[in-house]
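One structure below.
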Amino acid sequence: MTIILALLGSAIIGLGTGLFFRVWAIVLVSPAIAVLAAIVFQASGFGFFAGVSVVIGCLFVGQIGYLLAAFCLHKGDISVQDEADGDPSEHCHQDVHDKHQ
């Protein structure tokens, strides 16, 4: 039960980070997840190798949660058609100067 709660908590933290913060926030959140998970598993009596594997799983789930949230938040900004028609998207600038000017 402890493993499930830790993985679920890591996923929620990753989703929350992806929805409200930029990518640099995950650099701060990941070590916090690892330390908290290690403390919880050490207090629950997990062995070293079992604890390490579950902490790695918590980090993985947190990263996946962040990626899912970031993708869902910005999925409207990603378009293959912007590349195909040659016109810059609303976030890009086309700073190519004409050769004949």
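Residue numbers count from 1 along this sequence.
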Would you check, one step at a time, whether the test side chain to side chain contact (heavy atoms under 4.5 Å, CB included) holds for Phe21 with Val29? CA-CA 11 Å; Phe21 298 104; Val29 171; over 6 Å; no
Hydrophobic cluster identity match, Leu15 and Ile26, side-chain contacts under 4.5 Å: no
Residue pair Leu59 / Ser10, side-chain heavy-atom distance below 4.5 Å: no
When you group the ILVMFWY residues by side-chain heavy-atom contacts below 4.5 Å and let the links chain together, are Leu7 and Ile4 in the same group? no
Do the side chain of Ser53 and the main chain of Ala50 share a donor and acceptor less than 3.5 angstrom apart? yes
Is the side chain of Tyr66 donor-acceptor paired with the backbone N or O of Val23 at a distance under 3.5 Å, no angle test? yes
One should read off an interatomic distance between Arg22 CZ and Thr17 OG1, to the nearest 0.5 angstrom, of 14.5 Å
Taking side chain as C-beta onward, heavy atoms only, is Ile3 less than 4.5 Å from Phe41? yes
Joint cluster assignment, Phe48 & Ile56, ILVMFWY side-chain distance < 4.5 Å: yes
How close do Leu73 and Gly18 get, heavy atom to heavy atom, and via which atoms? CD2-O, 4.0 Å
After noting the C-alpha distance and the side-chain angles of Phe46 and Val40, does the key distance pass the side chain to side chain contact (heavy atoms under 4.5 Å, CB included) rule? CA-CA 9 Å; Phe46 279 80; Val40 167; over 6 Å; no
How far does CG of Leu19 sit from CG of Leu68, to the nearest 0.5 angstrom? 10.0 Å
